[in-house]
Student: 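Structure below; questions to follow.
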Amino acid sequence: MDEKEHKLSLKREVGLMGAVSLIGGTMIGSGIFMSPQTVLASIGSPGASLVMWACCGLLVIPVSFCYAELGTVIKESGGEYIYILRTSGPVVAFMLVFSSVIFVRPAGIVGISLSFAQYVVAPFYPECSPPVLVVKFVAAAAIITLAVVNSMNVRFSMSVQVFFMVVKVLALAVIIIGGVVTLARGQNESFKDSFENTNLGINAIGIAFYQGLWSYDGWNNLNYVTEELKRPEVNLPRALLIAISLVTGLYLMVNVSYLAVMTPKELLSSSAVAVTWGNKVLGSWGWIMSVAAALSAFGSLNGTFFSGGRVCFVAAREGHMPEILSMAHVHRLTPSPALIFTTIISLVVLIPGDFRTIVNYFSFTAWFFYGITLGGLIYLKIKRKDLPRPYSVPIVLPFLVLLVAIFLVLAPIIDDPQIEYLYVALFILSGALIYVPFIHFKICPGLLRKMTVFLQLFLEVAPTDKKLV
Ligand code: ARG
């Protein structure tokens with residue numbers, strides 16, 4: 001990690017291209033190969049499902065403009081954590097870090113790894129859904145493999161990232177071309193009466209949003225590393241706009257292609273959409289789509305592991321994380337404590353989790369904090385007019401998107417109260433309870449210090465130069 005940080009910060013040269021791929025590479029992962037059927041299932045009709053996919057993009061673009069302003073006003077790396085810390089204070093920032101380390105990041109890892117596993121095993125079960133246990137076993141294997149790879153060598157994991165990025169864009173391009181050819185042949189049954197059976201229930205829309213937004217998640221990735229970006233005031237807004245519009249366009253066309261090739265019924269009953277698509281369009285070469293979707297998820301998983309250490313570093317710098325989680329291996333210079341910790345929690349989340357549920361809770365929690373972050377921007381715009389703003393959005397924008405974020409967080413709960421959302425909310429709030437004794441009053445510092453020293457010797461890790469993060 002140390003080496004990586006040195007390398008990244010010495011160069012301090014993530015240019016526009018790098019920035020676009022940092023965002024796009026994280027956004028495209030598992031969702032576009034997994035969520036189309038859940039979006040369709042909850043919203044009811046092909047037409048409305050395409051509208052949902054477009055709306056997700058149209059929501060993320062203005063939110064990202066707000067993040068562009070935040071990223072150029074608060075210049076530190078660290079994304080939501082640092083914005084919330086500077087606007088809403090340490091307790092809320094700690095709640096974010098706590099939820100992110102214990103739940104959001106592991107949930108992200110599990111969601112992506114389940115998609116990977118689904119696509120790896122799909123070709124072996126052509127006629128039926130694969131057994132859950134087999135899928136989970138493969139998902140666990142993927143998580144452990146990537147944790148090991150990332151603990152061994154930082155450079156290797158960085159170079160695989162580029163390879164996976166190329167594979168997934170190619171895979172999406174193949175799907176789009178296949179769709180165009182199918183449509184050109186006049187096959188368009190799915191689009192006749194395409195809004196029939198649309199379900200306009202609040203809960204249905206909320207769930208469709210959660211599922212769609214999962215595929216778009218990662219749009220905020222560049223805000224985690226703004227300190228390493230060349231000319232952030234120009235490149236941050238530009239990279240966000242280019243990457244998100246590109247991904248939105250690709251996702252829409254891929255969905256049109258899925259629907260051109262499959263009837264809504266076929267789409268809903270498929271256990272892996274891209275495989276069904278591949279079998280119908282590519283015939284005996286259909287398995288290629290399975291490989292491509294698996295690689296896409298694997299790349300996203302690798303990226304999530306790779307960038308995951310950052311929030312830990314920034315939070316440890318503020319005294320919000322046990323120091324051990326921000327240390328790096330003395331020889332390999334990889335953030336092994338944070339990796340081991342995340343792996344263990346991810347495996348625990350994997351045991352009960354299924355893709356759909358995990359994605360719903362992931363989006364619920366993530367958008368809760370995006371909402372707080374947007375609230376922070378509104379606060380800065382009203383109270384801190386004096387701050388230099390190289391890039392500024394009209395104040396109605398954060399207001400509008402904040403309303404949508406509130407809808408997203410509250411709608412599914414109000415419409416169809418489920419006890420699990422209460423658990424998640426209680427869990428987020430429990431961060432505040434932990435904050436008071438352990439961070440504010442620093443009780444048991446001796447215990448923590450002893451544990452840190454023990455783990456440091458055991459794992460052969462040492463503090464990194466946190467100024468560089
Ligand atoms: N959009 C990604 C996908 O479709 C998931 C991203 C999870 N979030 C993250 N920050 N890595 O698989």
Side-chain angles (χ1 to χ4, degrees), residues 21-39 53 56-57 59-60 63-64 67 78-81 96-97 99-101 103-119 139 142-143 146 150 157 161 164-165 167-169 171-172 175 209-225 240 243-244 246-248 250-251 254-255 272-274 292-312 338-339 342 346 349 353 355-356 358-367 369-370 373:
S21 37
L22 207 61
I23 302 172
T26 319
M27 288 173 77
I28 306 173
S30 62
I32 189 63
F33 300 106
M34 292 291 276
S35 301
Q37 55 212 116
T38 0
V39 174
W53 280 90
C56 289
L59 169 65
V60 168
V63 178
S64 74
Y67 267 58
E80 288 86 22
Y81 171 74
L96 165 82
V97 145
S99 312
S100 143
V101 170
F103 176 68
V104 180
R105 196 145 41 89
I109 288 175
V110 172
I112 306 172
S113 69
L114 280 172
S115 163
F116 167 79
Q118 194 84 28
Y119 275 97
I143 294 176
L146 277 179
N150 278 272
S157 65
Q161 205 55 22
F164 286 119
M165 173 81 196
V167 169
K168 51 192 155 189
V169 173
L172 295 188
I175 297 180
F209 255 124
Y210 282 174
Q211 293 285 327
L213 286 172
W214 160 264
S215 306
Y216 284 89
D217 205 77
W219 54 268
N220 51 350
N221 228 20
L222 191 58
N223 283 69
Y224 287 91
V225 294
L240 282 166
I244 300 172
L246 200 77
V247 172
T248 308
L250 283 175
Y251 280 3
V254 167
N255 271 290
V273 254
L295 288 180
S296 163
F298 200 71
S300 211
L301 194 57
N302 184 48
T304 305
F305 262 117
F306 180 74
S307 64
R310 280 212 158 68
V311 182
C312 273
L339 283 168
T342 309
S346 305
V349 176
F355 183 81
R356 197 191 141 103
I358 286 198
V359 165
N360 286 348
Y361 294 134
F362 175 95
S363 295
F364 170 80
T365 321
W367 279 85
F369 286 110
Y370 298 158
T373 310

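Throughout, residue positions are numbered sequentially from 1 according to the sequence presented. All ligand and atom numbering here is 1-based and tracks the order in the structure.
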Student: Are the side chains of Tyr216 and Thr248 in touch, meaning some heavy atoms are under 4.5 Å apart?
Tutor: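 Result yes, sub-4.5 Å side-chain heavy-atom pair found.
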Student: Given Glu80, which partner from the list Thr373, Asn223, Asn220 fulfils the side-chain hydrogen bond (donor to acceptor under 3.5 Å, both in side chains) test?
Tutor: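 Single side-chain hydrogen bond (donor to acceptor under 3.5 Å, both in side chains) partner of Glu80 among Thr373, Asn223, Asn220: Asn220.
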Student: Considering non-hydrogen atoms of the protein only, which is the closest contact for atom 5 (C) of ligand 1, and what is the distance?
Tutor: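 Looking only at protein heavy atoms, the one closest to atom 5 (C) of ligand 1 is Trp214 O, 3.7 Å.
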Student: Got a second to check how far Met34's CE is from Ser215's OG, nearest 0.5 Å?
Tutor: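 Output value for this atom pair is 10.5 Å.
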Student: Any non-hydrogen side-chain atom of Tyr81 less than 4.5 Å from a side-chain atom of Ser100?
Tutor: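 Contact flag for Tyr81/Ser100 side chains = no.
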Student: Quick one: nearest non-hydrogen protein atom to atom 9 (C) of ligand 1, plus distance?
Tutor: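 Closest protein heavy atom to atom 9 (C) of ligand 1: Asp217 OD2, 3.7 Å.
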Student: Rounded at 0.5 Å granularity, tell me how far CD1 in Ile112 sits from CZ in Phe355.
Tutor: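 Spacing of CD1 (Ile112) from CZ (Phe355) equals 8.5 Å.
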Student: Considering both backbone and side-chain atoms of Ile32, is one of its nitrogen or oxygen atoms within less than 3.5 Å of a nitrogen or oxygen in ligand 1?
Tutor: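 No; every N/O pair is 3.5 Å or more apart.
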Student: Please identify each residue that fulfils side chain to side chain contact (heavy atoms under 4.5 Å, CB included) with Ser346, with sequence neighbours left out.
Tutor: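 Side chain to side chain contact (heavy atoms under 4.5 Å, CB included) list for Ser346, sorted by chain: Pro106, Ile109, Val110, Ile143, Thr342.
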Student: Atom 3 (C) of ligand 1: which protein heavy atom is closest, and how many Å away?
Tutor: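 The protein heavy atom lying closest is Ser30 N, 3.3 Å.
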Student: Judging by distance only, is a nitrogen or oxygen of Thr304 under 3.5 angstrom from one on ligand 1?
Tutor: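 Yes, since at least one N or O of Thr304 sits under 3.5 Å from an N or O of ligand 1.
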Student: Looking only at protein heavy atoms, identify the closest one to atom 4 (O) of ligand 1 and say how far it is in Å.
Tutor: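 Result for atom 4 (O) of ligand 1: Gly31 N, 2.8 Å.
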Student: Would you check whether Phe362 has a nitrogen or oxygen atom less than 3.5 angstrom from a nitrogen or oxygen atom of ligand 1?
Tutor: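 There is no such contact.
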Student: Compute the centroid of each ring, for Trp219 and then for Tyr67, and state whether the two points are separated by less than 6.0 Å.
Tutor: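 Yes, close enough.
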Student: Using heavy atoms and a 4.0 Å limit, tell me yes or no: is Ser215 in contact with ligand 1?
Tutor: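 Flag set, Ser215 near ligand 1.
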Student: Which residues satisfy the ring pair (Phe, Tyr, Trp, His ring centres under 6.0 Å) test with Phe298, sequence neighbours excluded?
Tutor: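 Checked Phe298 against ring pair (Phe, Tyr, Trp, His ring centres under 6.0 Å); matches are Phe116, Phe164.
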Student: Considering only heavy atoms of Met27, which atoms of ligand 1 have at least one such atom less than 4.0 Å away?
Tutor: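 What qualifies from ligand 1 is 1 (N), 2 (C), 3 (C), 4 (O).
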Student: Heavy-atom distances under 4.0 Å are what count here, so tell me which part of Thr26 touches ligand 1: side chain, backbone, both or neither.
Tutor: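 For Thr26, backbone and side-chain atoms both sit under 4.0 Å from ligand 1.
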Student: Are any of the N/O atoms in Tyr251 less than 3.5 Å from those in ligand 1?
Tutor: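 No.
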